[in-house]
Every structure is written in structure tokens, then in C-alpha cells.
Amino acid sequence: MENTKKYQRGYFMPPVNSTSWVNKEYIDKAPIWCSVDLRDGNQSLVIPMSLEEKVEFFNLLVEVGFKEIEVGFPAASETEYIFLRKLIDENLIPDDVTIQVLTQAREHIVEKTFMALEGCKNAIVHVYNSTSKAQREQVFKKSKEEILEIAVNGAKMLNKYAKETKGNFRFEYSPESFTGTEIDYALEVCNAVLDEFKPTKDNKVIINLPVTVSMSLPHVYANQIEYMSNNLKYRENVIISLHPHNDRGCAVADSELGLLAGADRIEGTLFGNGERTGNVDIVTLALNMYTHGIEPNLNFKDLPHIVSVYEKVTRMHVYERSPYAGKLVFAAFSGSHQDAIAKGMKMRKELNKEIWDVPYLPIDPQDLGREYESDVIRINSQSGKGGIGYILETHYGLDLPPKMREVVGYKVKSVSDHAHKELSKEEVYEVFYDTYVNLCKPYKLVDYHYFRKDVVKVILTMEINGEIKDITGSGNGRLAAVSSALNDYGIKHQIITYKEHALESGSTSQAVAYVCVSVNDQIYWGAGIDEDIMAASIIGLISALNRSQE
């Protein structure tokens with residue numbers, strides 16, 4: 001990079017150390033959440049939402065549990081105005097939900113905003129003006145005193161029009177571009193605004209300290225927030241709100257450290273949609289708290305549905321690796337990951353564990369409406385025996401011996417590699433079945449009969465290379481007698497491993513037998529599935545021997 005010298009740090013540290021937040025380990029309660037999807041999120045869309053889409057999204061936000069929802073900038077466009085009136089006139093706002101609207105500190109805009117709010121049961125009117133050094137000097141060409149006067153006049157206008165308008169109104173003020181504002185000056189402006197609002201216990205005021213543009217490491221923002229929290233007037237009657245943008249990819253960290261530093265409220269969007277690189281992602285923030293055992297007071301139990309509605313109305317796409325919500329965030333393709341997850345899930349079931357501590361899964365996918373089978377263990381050429389074994393056991397009841405899992409794993413991975421694609425659970429089973437189960441060429445079991453005196457004797461009726469043969473043998477057990485008969489006939493082998501189990505409960509259940517044989521010092525696996533466990537065992541042995549002939 002050749003032009004580093006043209007950049008400088010544009011943020012301002014507090015005049016005193018503000019680092020008490022460093023000693024806090026975690027966020028111990030959920031903040032007040034305010035969704036700004038319908039305003040900040042909507043204005044960043046290539047195709048803004050239609051009226052019907054806005055109503056659908058508003059209903060989704062209510063369903064999720066937001067109690068404060070910014071619905072737009074009603075003085076900015078006719079669509080925004082009509083949407084707000086529709087919510088009010090058609091009584092679409094639940095009694096426990098407060099809507100929020102944005103306005104500049106300009107009288108004709110404030111006046112139209114309150115006209116749009118006429119009769120609203122509960123509303124937050126959010127007034128702002130930019131206070132940053134860059135904006136003062138380059139955009140407005142005004143002094144600090146003139147910018148402060150704009151903020152104070154904005155507060156006066158809100159007081160005036162609120163008294164003249166039917167409805168219940170609370171106030172919010174933002175020193176826009178807070179992160180590029182000298183902190184002592186930002187404090188001066190906010191305190192002057194608070195002197196106009198005169199907040200009380202029953203009528204608190206929101207002071208929003210936005211990361212309009214992200215300029216610093218998150219700990220700097222936390223220092224700024226703590227300094228403001230410690231020095232704002234009427235602090236017990238002030239709600240400190242954060243509105244982080246994601247220019248440096250730090251919006252979540254800014255929010256979390258800002259909450260540790262004394263903030264009470266977060267403005268953000270679902271999945272981080274917003275101007276430039278976006279707003280803070282409330283889904284990530286809330287579920288981060290959830291994984292620490294903190295109730296987030298938002299309902300993401302059906303996250304796939306939320307994603308579906310969001311993608312439909314915004315025409316945006318939730319990235320596959322987006323935290324918690326992405327289609328692949330729980331997917332384990334790596335063999336070692338799959339093995340650890342499979343073992344963790346098995347132990348959790350066996351011990352009936354209450355605490356969630358499954359390796360590689362910081363949250364239980366089922367808590368979000370996701371499924372283990374389709375979302376967690378995914379099979380491709382990078383997968384391992386653990387994941388493939390998990391698929392076969394979970395979906396098909398096949399508890400393969402450890403060594404067979406390894407062999408089957410390599411076979412399934414090879415198929416995926418050559419096909420250059422992910423395999424579904426059905427395809428995994430098909431590979432296993434076609435390769436190892438009930439194989440009948442060149443050897444096929446036609447019938448069998450056992451006799452027992454001192455030892456077990458067997459008569460096997462076999463089809464060998466297309467010819468029917470009766471062969472006999474004896475041994476200490478049934479499978480040993482079958483093995484003896486085959487060896488005596490000339491099909492030389494040694495049984496190395498044998499395992500059997502029922503596939504499902506009930507009198508008509510099928511059984512499966514897994515057999516490993518050594519032929520000419522080479523190892524071969526086979527499996528037999530039949531309603532008769534003994535038939536399954538013989539077929540499993542014959543399948544292994546058929547594998548040796550390939």
C-alpha cells in the first residue's frame with residue numbers, strides 16, 4: 001500500500017481515563033432493542049420495500065419481540081408518510097410496542113413529522129444533527145457554537161410540537177458522527193439538549209451515541225461511551241443508546257464493549273443490513289448473549305423463517321457463513337470436526353446432559369429451528385468416518401464397527417470427490433448399501449439348514465458363479481460352521497470381526513450383521529440385512545467374500 005500517509009486517526013479520546021468497563025466479564029442483561037430495519041435498513045436497499053412489504057416486515061419484527069421499532073423518516077417521502085399513517089390509522093401497532101421516527105432539526109421537517117404522528121399511542125421522535133469536526137468544517141461551515149444552537153433548537157421544536165399534537169411522545173437526540181466529534185464537545189451538546197428536554201424518571205430521554213462511521217478500535221468507543229455515561233446530566237433519567245455501523249467490521253464488538261461501558265440500548269438491524277457495510281447485526285448480538293446464558297428478550301426460535309421473510313422483502317441475501325443464521329454456520333465438513341460433534345452428541349444423549357457443551361457448536365441448532373441432520377453433519381470429500389458414521393447411525397440405525405466406519409468413510413469421500421459435490425444422506429446410504437450390503441456375485445446364499453449334536457453342522461445351498469451347490473461344514477457356532485463350509489469348498493478366508501444388532505424394535509424388525517474377513521492377507525468388509533439375524537450374518541460374510549473378488 002502506497003498511500004498510508006494520507007490517512008490519520010479521526011477519532012478523539014476522552015479527556016480522562018474511562019476504563020472501568022475493562023473489569024467486567026460479560027453483559028449480564030439484555031439491552032433495550034430498537035430495530036431500525038424499516039428506516040436505516042430500508043434506505044440502504046437497491047429497491048426499497050413497498051408498503052405491503054414494510055407492513056409484513058413490521059409484523060415480523062413484532063413477532064420477534066421488538067418493543068421499539070423505527071418505522072421511517074416520514075417527512076422524507078410520501079411512501080414513508082403513508083406507511084406511518086397506515087400503522088396508526090389501522091391500529092397495527094400493539095399497545096406494548098413504541099414506534100420511532102427520525103427527523104432533522106429543521107422546523108418544517110419536525111412539523112411534518114408530528115403531523116404524521118397525530119394520534120399515535122406511543123412514539124419516540126428522534127432528532128439529530130451532525131457534530132463532527134469534518135462535517136462542521138466541510139459540510140456546514142459552521143462553528144461549534146452554531147452547531148450546538150441547531151441541536152438546542154431541535155430540542156425546543158420537539159417540545160413545542162409534542163404539546164400541540166395528539167399522542168404520547170418521548171424524545172431521542174443523536175449527535176450524528178459522534179465518533180468523529182471531540183468528546184468534550186459532544187458532551188456539551190448533549191447536556192445542552194438535555195437541559196431543554198429536562199428528563200424525569202417518568203419521562204426519560206434517549207441520548208443516542210452513534211458510530212455513524214467506524215473510526216477506531218472497539219475499546220476506544222467503549223472509553224468514549226463510559227466517559228459520556230459518567231458525565232451526562234440527568235444520568236438516572238437518560239437512556240444511553242448505541243447505533244453502530246460496521247465500516248471496520250467492528251459493529252458487534254463496538255456494541256458489546258459499549259454495553260459494558262454503560263449503554264442501555266442498541267439500535268440495529270436483522271443480519272446487519274444498513275448503509276455502506278451495514279448496521280450492527282442484532283441477531284448476532286442477541287444470540288451471543290444467549291450463548292452466555294442471558295435471556296436476550298428476542299425470539300429467534302425459528303430463525304429460518306425470519307431469514308426467509310427478510311430475504312423476501314429486502315431482496316438481500318443472508319451470507320452462508322453469517323453468524324447463527326447462515327445456512328452453513330453449523331455445517332461440519334471436516335472429518336475431525338464431524339467426529340468430535342458426533343461423539344459429543346452421543347455423550348450428551350447418553351448422559352442426558354442439561355448444559356450444552358458439544359464441541360464446535362457454541363449453540364444448540366435446534367434452539368434456532370435448525371436440524372442436526374440437515375444443518376450440522378454435511379458430507380463431502382473433506383468429511384471423515386465420524387460424520388459419515390453419524391449419518392448412517394442417526395438416519396438408518398447402522399452402528400458400524402469403528403474400523404468399518406473408517407473404510408466406509410474413505411469410500412464415501414472418494415465418491416464425493418469424483419462427483420465433485422456434497423452427498424445427501426440418501427446418497428451416503430446408497431454408497432454404503434451398494435458397496436457392502438447383501439452382495440450376491442459371484443457368491444449368493446440360496447438356503448441354509450443347521451443341525452446340532454456336539455458341534456453345529458450346516459448345509460448351505462449356494463449359487464456360485466451361476467451354479468447351484470450344496471456345501472457342508474461344522475464348527476463351534478453357527479457362523480463358524482458357515483465359515484468352515486466355505487473354506488472346505490475352497491473359498492479361503494478368516495473371519496476377523498463380527499458384529500450384529502437390530503435395526504429397529506418389534507417382532508418384524510430387521511437385523512444387520514457386519515463381517516470383516518482376511519483373504520490372502522487383505523481385509524474386506526461386508527454387511528447383511530435380513531429379518532432373520534442368522535441369515536443376515538451369513539449374507540454379511542458372503543458380502544465380504546464377494547468384495548474380495550472385485
Side-chain angles (χ1 to χ4, degrees), residues 392 396-401 403-408 410-412 414-415 418 426-503 508-550:
L392 291 173
Y396 302 103
L398 297 163
D399 184 13
L400 277 60
K403 291 292 185 181
M404 189 178 191
R405 284 193 178 202
E406 185 174 344
V407 173
V408 173
Y410 282 118
K411 179 64 180 178
V412 171
S414 175
V415 171
H418 283 87
E426 293 84 6
E427 289 171 316
V428 170
Y429 180 76
E430 183 179 339
V431 171
F432 170 72
Y433 194 94
D434 290 349
T435 307
Y436 300 99
V437 180
N438 293 9
L439 303 182
C440 56
K441 290 184 179 180
Y443 313 129
K444 179 180 179 181
L445 176 67
V446 177
D447 202 358
Y448 67 94
H449 298 281
Y450 284 108
F451 307 92
R452 186 172 189 121
K453 289 187 178 179
D454 296 329
V455 295
V456 176
K457 294 184 178 181
V458 67
I459 299 175
L460 293 176
T461 302
M462 299 282 296
E463 182 180 322
I464 301 175
N465 294 318
E467 295 184 15
I468 300 299
K469 304 283 187 179
D470 285 331
I471 60 178
T472 61
S474 60
N476 293 329
R478 292 185 173 189
L479 193 60
V482 172
S483 178
S484 173
L486 293 169
N487 271 307
D488 290 346
Y489 181 78
I491 305 174
K492 299 297 184 181
H493 67 279
Q494 180 183 358
I495 295 178
I496 304 299
T497 302
Y498 170 77
K499 178 183 178 180
E500 66 181 43
H501 65 78
L503 278 178
T508 61
S509 66
Q510 288 190 313
V512 60
Y514 313 98
V515 183
C516 176
V517 299
S518 173
V519 178
N520 297 325
D521 296 323
Q522 297 293 316
I523 298 299
Y524 302 94
W525 284 93
I529 297 178
D530 196 271
E531 292 182 2
D532 179 353
I533 184 58
M534 200 61 241
S537 302
I538 299 171
I539 294 169
L541 172 57
I542 293 172
S543 294
L545 294 171
N546 282 328
R547 290 277 299 152
S548 74
Q549 301 301 302
E550 294 177 358

- Message: Quick check for you: to the nearest 0.5 Å, what is the distance between Glu463 atom CD and Lys441 atom NZ?
- Response: 9.0 Å

- Compare every heavy atom of Leu503 with every heavy atom of Ile529, then report the nearest pair and how far apart it is. CG2-CD1, 3.9 Å

- Note on the structure: So CD of Gln549 and CG of Leu439: to nearest 0.5 Å the spacing works out to 12.0 Å

- Query: Of the non-hydrogen atoms in Ala544 and Tyr524, which two are nearest, and what is the gap between them?
  - Reply: O-CB, 3.6 Å

- Message: Taking side-chain contact (heavy atoms from CB on, under 4.5 Å) as the criterion, tell me which of Ile539, Leu545, Ile538 meets it with Leu541.
- Response: Leu545

- Message: With side chain to side chain contact (heavy atoms under 4.5 Å, CB included) as the criterion, how do Ile542 and Met462 come out once you've worked through the C-alpha distance, each side chain's angles and the decisive distance to 0.1 Å?
- Response: CA-CA 10 Å; Ile542 293 172; Met462 299 282 296; 3.7 Å; yes

- Item | Side chain proximity check, Leu486 to Tyr443, heavy atoms < 4.5 angstrom | no

- Message: By the salt bridge (Lys or Arg N to Asp or Glu O under 4.0 Å) test, which pairs, at least two apart or in different chains, include something from residues 479-500?
- Response: Asp399-Lys499

- Item | Leu479 backbone acceptor or donor facing Ser483 side chain under 3.5 Å | no

- Quick one: are Val412 and Phe432 in side-chain contact, heavy atoms under 4.5 Å? no

- Task: List the atom of Gly473, the atom of Ala485, and the distance in Å for their closest heavy-atom pair.
- Result: N-CB, 3.5 Å

- Message: How close do Tyr429 and Leu392 get, counting heavy atoms only, and between which atoms?
- Response: CA-CD2, 4.0 Å

- Query: How are the rings of Tyr450 and Tyr448 set to each other: parallel, tilted or perpendicular (split at 30° and 60°)?
  - Reply: perpendicular

- Item | Side chains of Cys516 and Ile495 in contact at under 4.5 Å (non-hydrogen atoms) | no

- Aromatic ring pairing His501/Tyr514, orientation class (parallel under 30°, perpendicular over 60°, tilted between): tilted

- Message: Apply side chain to side chain contact (heavy atoms under 4.5 Å, CB included) to residues Lys403 and Ile496 and explain how you reach the verdict.
- Response: CA-CA 11 Å; Lys403 291 292 185 181; Ile496 304 299; over 6 Å; no

- Note on the structure: Scanning both residues in full, the closest heavy-atom pair of Val512 with Ile533 reads O-CD1, 4.2 Å

- Message: Tell me if the CG atom of Asp447 is crowded by more than 12 foreign heavy atoms within 6.0 Å.
- Response: yes

- Query: Are the side chain of Asn438 and the backbone of Ser543 linked by a donor-acceptor contact shorter than 3.5 Å?
  - Reply: no

- Query: Hey, which of Met404, Arg547, Lys411 is the one that makes side-chain contact (heavy atoms from CB on, under 4.5 Å) with Trp525?
  - Reply: Met404

- For Val515 and Ser537 the tightest heavy-atom approach is CG2-O, 4.0 Å

- Query: Hey, is the main chain of Met534 close enough, under 3.5 Å, to the side chain of Asp532 for a donor-acceptor pair?
  - Reply: yes

- Message: Is the shortest side-chain heavy-atom distance between Leu460 and Tyr489 below 4.5 Å?
- Response: no

- Task: Look at the side chain of Asp530 and the backbone N and O of Ala535, then say whether any donor-acceptor pair between them is shorter than 3.5 Å.
- Result: no

